[in-house]
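Single-structure report; data block below.
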Amino acid sequence: MRTLHKTLIAAALAAVLTVPLIDLDAGASAPPPEAPPAIVSVAAAVSTELAPRHWAPGSVISRQDAHVASEQDGRVIQVAEVGQNVRAGEPIAVLDDTALRLSERQVQADLSRIQAQLDMATRQEHRYALLAQQQNIARAQYEQLQADRDMLVQERARAQALLEQTRHQRTQMLVRAPFDGVVAEREVELGEFVNTGDAVARVVDTAEQEVRVRAPVDLARHLAVGTPVQVRVGDSERGHPVSALVPVGDEASRQLELRIKMDASEFPVGTAVEVGMPSAARRAVVAVPRDAVILRREGDFVLRVGGDNKAERLPVKTGTEVGDLVEVSGNVKAGDRLIVRGGERVEPGQSVTIQDLSRAVSLR
């Protein structure tokens with residue numbers, strides 16, 4: 001009886017210990033659960049023509065930027081304020097013209113005196129002409145009177161020219177803006193004396209802007225007026241045509257100068273920019289959106305979405321970048337759907353749910 005009781009207890013313990021082992025074996029043999037579909041946005045790879053670019057630093061300048069100088073000597077009695085907008089022909093500085101005003105009055109008085117003498121000489125000539133016809137005076141005396149009258153005519157012309165010169169000098173006591181612009185710098189102050197040729201203010205035309213940039217002379221064969229280039233400031237990048245090219249390289253730097261016309265509303269004068277210029281001929285390539293390329297230490301790759309909506313990792317090598325497109329080489333073909341949003345945590349073989357790109361951008 002005792003032996004039967006021990007046998008039943010042993011059988012019960014064996015049954016209890018056997019159940020967990022069976023459950024553990026069943027759990028070990030079950031496949032892992034599949035990851036849920038990732039929500040992504042895609043864009044297509046394209047076949048296009050791109051050219052490698054050479055990037056060089058440039059600067060936004062004004063097409064009209066002048067240090068306006070005085071054409072006369074004088075003491076400054078008025079000067080425009082920095083930041084003041086001026087129109088072409090408006091005075092930006094006024095010089096004291098007291099001495100010229102007095103000189104003008106003196107010349108006017110001399111002119112009046114000479115005119116009076118000339119009128120008298122003219123009337124005298126008429127009388128002498130009658131006397132000469134009647135042979136009441138010597139011929140030489142009459143000719144001397146004509147010569148005196150002619151000298152007075154020349155003196156009058158000289159006085160008139162001097163009067164016009166003095167009046168012109170008075171107009172130059174107003175230093176005028178040569179074009180529409182803004183006063184960027186005052187180079188004299190009230191009460192200072194300026195000499196002829198001294199700058200009084202710097203005027204900058206902010207409505208006419210362009211980028212000035214230098215490029216290696218080796219790029220001259222790829223550049224011409226009208227060649228499209230990229231102008232980049234920070235994250236902003238826009239295309240513009242070359243508006244002027246100086247095909248003369250500097251002997252020291254071996255660089256030539258380009259000018260790119262800009263809209264006045266784009267960047268302030270003095271902004272530092274980068275200019276991307278073509279450095280080789282255009283060639284046909286496969287290009288993908290910049291956001292499609294995932295950069296990793298072990299290598300760059302893209303994630304392609306197949307017909308079964310599963311992600312596939314494709315290693316690539318990047319090349320020329322133009323705008324939002326990047327040249328790639330690898331097993332990527334034009335028309336492939338590539339993940340551009342939400343691919344950071346997508347694993348190869350994982351199912352994806354494609355979301356419209358515009359909706360994905362609006363939700364960010």
Side-chain angles (χ1 to χ4, degrees), residues 40-43 45-46 48-65 82-83 181-182 184-185 202 204-216 219 222-223 225-246 253 255-280 282 285 287-297 300-302 316-328 338-344 357-364:
V40 299
S41 298
V42 299
V46 296
T48 185
E49 289 189 348
L50 298 180
R53 295 190 177 276
H54 170 82
W55 290 91
S59 181
V60 178
I61 64 172
S62 171
R63 298 187 66 193
Q64 299 186 104
D65 185 338
V82 172
V182 61
E185 183 179 354
R202 178 188 175 197
V204 179
D205 183 1
T206 56
E208 293 289 334
Q209 298 179 2
E210 61 185 2
V211 169
R212 179 174 59 195
V213 63
R214 292 187 173 273
L219 302 186
H222 304 297
L223 297 172
V225 175
T227 300
V229 297
Q230 296 297 121
V231 178
R232 183 167 64 196
V233 177
D235 295 332
S236 174
E237 184 174 316
R238 293 185 60 182
H240 294 275
V242 174
S243 57
L245 172 65
V246 183
S253 63
Q255 292 186 327
L256 48 82
E257 185 172 305
L258 285 81
R259 297 291 179 95
I260 304 157
K261 190 173 182 180
M262 305 287 288
D263 296 332
S265 59
E266 290 191 64
F267 308 110
V269 173
T271 301
V273 301
E274 288 184 294
V275 179
M277 299 160 282
S279 58
R282 299 176 68 87
V285 299
V288 303
R290 187 193 306 269
D291 292 338
V293 181
I294 300 176
L295 308 179
R296 292 291 184 268
R297 182 176 300 177
D300 304 338
F301 62 88
V302 297
V316 296
K317 291 184 178 180
T318 59
T320 302
E321 296 186 23
V322 176
D324 292 331
L325 293 179
V326 181
E327 174 192 358
V328 295
L338 306 177
I339 296 177
V340 294
R341 292 284 189 278
E344 293 78 6
L357 184 59
S358 60
R359 175 177 171 78
V361 173
S362 64
L363 292 176
R364 292 185 65 184

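Counting from 1, the numbers follow the sequence of the chain as shown.
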Please determine whether side chain to side chain contact (heavy atoms under 4.5 Å, CB included) holds for the pair Arg290 and Val326, giving the CA-CA distance in whole Å, both sets of side-chain angles, and the decisive distance to 0.1 Å. CA-CA 6 Å; Arg290 187 193 306 269; Val326 181; 4.0 Å; yes
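- In plain terms, the two heavy atoms of Ala45 and Val288 that are nearest each other are CB-CG1, 3.9 Å.
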Please lay out, stage by stage, how Val46 and Leu325 fare under the test side chain to side chain contact (heavy atoms under 4.5 Å, CB included). CA-CA 9 Å; Val46 296; Leu325 293 179; 4.3 Å; yes
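- No donor-acceptor distance shorter than 3.5 angstrom exists from the side chain of Ser41 to the backbone of Val340, with no hydrogens or angles considered.
- Going from atom CE of Met262 over to atom OG of Ser62 covers 13.0 Å, rounded to the nearest 0.5 Å.
- Atom CG of residue Leu223 and atom CG of residue Leu245 lie 6.5 Å apart, to the nearest 0.5 angstrom.
- With hydrogens and angles disregarded, a donor-acceptor distance shorter than 3.5 Å links the side chain of Thr271 to the backbone of Pro268.
- In summary, of the residues considered (Val211, Thr227, Val273), a side chain to side chain contact (heavy atoms under 4.5 Å, CB included) with Ile260 occurs for Val211 alone.
- Here Met277 contributes atom CE and Leu219 contributes atom CG; the two are 6.0 Å apart, rounded to the nearest 0.5 Å.
- Remark: Arg63 does not engage Asp205 in a salt bridge, criterion side-chain N to carboxylate O under 4.0 Å.
- In this structure, the side chains of Val275 and Val229 come closer than 4.5 Å at one or more pairs of heavy atoms.
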Please test Glu210 against Arg259 for salt bridge (Lys or Arg N to Asp or Glu O under 4.0 Å), starting from the C-alpha separation and ending with a verdict. CA-CA 6 Å; Glu210 61 185 2; Arg259 297 291 179 95; 2.4 Å; yes
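- The shortest heavy-atom contact between Pro241 and Gly226 is CB-O, 3.8 Å.
- Taking every heavy atom of both residues into account, Val204 and Ala184 meet most closely at CG2-CB, 3.8 Å.
- To the nearest 0.5 Å, atoms CG (Leu338) and CG (Asp291) are separated by 11.5 Å.
- With sequence neighbours excluded, no residue forms a side chain to side chain donor-acceptor pair (under 3.5 Å) with Gln255.
- Contact annotation: the side chain of Lys261 approaches that of Glu208 to within less than 4.5 Å [non-hydrogen atoms, C-beta and beyond].
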Check step by step if side chain to side chain contact (heavy atoms under 4.5 Å, CB included) holds for Gln209 and Val269. CA-CA 7 Å; Gln209 298 179 2; Val269 173; 3.8 Å; yes
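- Listed by chain and number, the residues in a side chain to side chain donor-acceptor pair (under 3.5 Å) with His240 are Glu266 (sequence neighbours excluded).
- Note: Asp300 CG to Lys317 NZ = 10.5 Å, rounded to the nearest 0.5 Å.
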Between side-chain atoms of residues 50-59 and protein atoms elsewhere (two or more places apart, or another chain), which donor-acceptor pairs fall under 3.5 Å?
unit_1: Arg53; atom_1: NH1; unit_2: Gly276; atom_2: O; d: 3.2

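- Between the side chains of Gln230 and Glu237, a donor-acceptor pair is found at a separation under 3.5 Å.
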